[in-house]
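Values below: every heavy atom of this structure, side chains too, minus hydrogens, waters and symmetry copies. Reminder, nothing fancy here: chain letters follow the sequence lines and each chain counts from 1.
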Amino acid sequence: MTLPVDGPAAPPRSNGELDFAEPWESRAFGMAVTLHDAGAFTWEAFQAALVARIAASTGEWSYYREWLAALEDVLADTVTPEEIDTRAEILAHRHDH
Amino acid sequence: MTRPPVALRTAALEQLLTERGLVDPAVMDRFIATYETAVGPLNGAKVVARAWTDPAYRERLLADGTAAIAELGFSGPQGEHIVVVENTPTRHNVVVCTLCSCYPWPVLGLPPSWYKDPAYRARVVREPRKVLREMGLDLPADVQITVRDSSAEVRWLVLPERPAGTESLSEEDLVGLVTRDAMVGVAKVAP
């Protein structure tokens, strides 16, 4: 395993480091924080789901992929994976046009 | 069965939750903007510079990190249970979250990508001296290294050593020296 290291530490006053590599990552992050703030779940519950997803992670590493999966896990009683996938397919076709 | 790509699943989930009145995209925008621009290691740097210049504050910080940090106005999600440990010429602390990515958001912002990476999380526990050297911090053999594993119960923050030759600097000047990496313990503060 090699250790990927960012460039030199960004000076703290710049706060300029890119937190999210792609826009969807920031939406997945924002959704979890917003839902937690609204009382949809405890952070402990989300974190436990995240730990489990990270532990089970295989293939190419993507932190926010596991983050999204953990969010789906804690929302399982509210939104099912099937609903998400069906809507995602609709969105995919919309992008085709 | 292969699921749709993550970007589409994220958009789909946001739509479904918005339709059900469970999230407000405008509120999400504000949270994201806050963490992208306002909350970051500058907050932690202010905490460190205060501790370097005010011995009573330093004591309070080491006794109860979350409370002393809140004195400077920094609090919020992931700011509970912050424990501050001091690096000295003979004892070096380095922080990791082996299970996920626990990190004191109010003082450091969101963790950098290497902090979340499986390689860092696994290796810094096993061979901290080697990992630190790879990251540019070559510690003398007689320096004792302690790896601090963050969790929901304890989020560690390192109080780095104040560099020699900075005695004449003001608290404000010192803030500018303190880096995120020094507060995670993968670097020292350079004068």
Where on Leu17(B) is there a heavy atom nearer than 4.5 Å to chain A: the side chain, the backbone, both, or neither?
side chain
Quick one: does Arg27(A)'s side chain have a donor or acceptor within less than 3.5 Å of a partner on Met28(B)'s backbone?
no
Part of Thr78(A) within contact of chain B (heavy atom distance under 4.5 Å):
both
Side-chain heavy-atom pair Phe20(A), Glu36(B) within 4.5 angstrom cut-off
yes
May I ask you to name which of Trp43(A), Trp67(A), Tyr63(A) has the most heavy-atom pairs under 4.5 Å with chain B?
Tyr63(A)
Portion of Arg20(B) that has a non-hydrogen atom of chain A nearer than 4.5 angstrom
side chain
Which atoms of Pro5(B) are under 4.5 Å from chain A, going by heavy atoms: the side chain, the backbone, both sets, or neither?
neither
Any side-chain heavy atom of Tyr64(A) within less than 4.5 Å of one from Lys116(B)?
yes
Check whether more than 12 heavy atoms from other residues, nucleotides or ligands sit under 6.0 Å from atom CD of Glu60(A), and answer yes or no.
no
Given heavy-atom pairs under 4.5 angstrom as the criterion, report whether the side chain, backbone, both or neither of Ala11(B) touches chain A.
both
Taking the side chain as everything from C-beta on, heavy atoms only, tell me whether Ile84(A) gets closer than 4.5 Å to Pro4(B).
no
Gly30(A) versus Ile32(B), closest heavy-atom pair with distance:
CA-CG1, 3.8 Å
Within the 4.5 Å heavy-atom criterion, are Arg87(A) and Glu19(B) side-chain neighbours or not?
yes
As an exercise: rank Glu44(A), Glu83(A), Glu89(A) by heavy-atom pairs under 4.5 Å with chain B and give me the winner.
Glu83(A)
Do Phe29(A) and Thr10(B) touch side chain to side chain, with heavy atoms closer than 4.5 Å?
no
Check against side-chain contact (heavy atoms from CB on, under 4.5 Å), Leu91(A) and Gln15(B)
CA-CA 10 Å; Leu91(A) 291 174; Gln15(B) 263 192 8; 3.4 Å; yes
Side chain, backbone, both or neither of Pro81(A) within contact of chain B (heavy atoms, under 4.5 Å):
both
To the nearest 0.5 Å, what is the distance between SG (Cys97(B)) and CG (Leu50(A))?
8.5 Å
Side chains of Leu71(A) and Leu13(B) in contact at under 4.5 Å (non-hydrogen atoms)
yes
At a heavy-atom separation under 4.5 Å, does Tyr115(B) approach chain A through its side chain, its backbone, both, or neither?
neither
Less than 4.5 Å to any heavy atom of chain B: does that hold for the side chain of Ala40(A), its backbone, both, or neither?
neither
What's the shortest heavy-atom distance between Val6(B) and Leu68(A), and which atoms?
O-CD2, 3.8 Å
Can you tell if the side chain of Val79(A) reaches within under 4.5 Å of the side chain of Leu22(B), non-hydrogen atoms only?
no
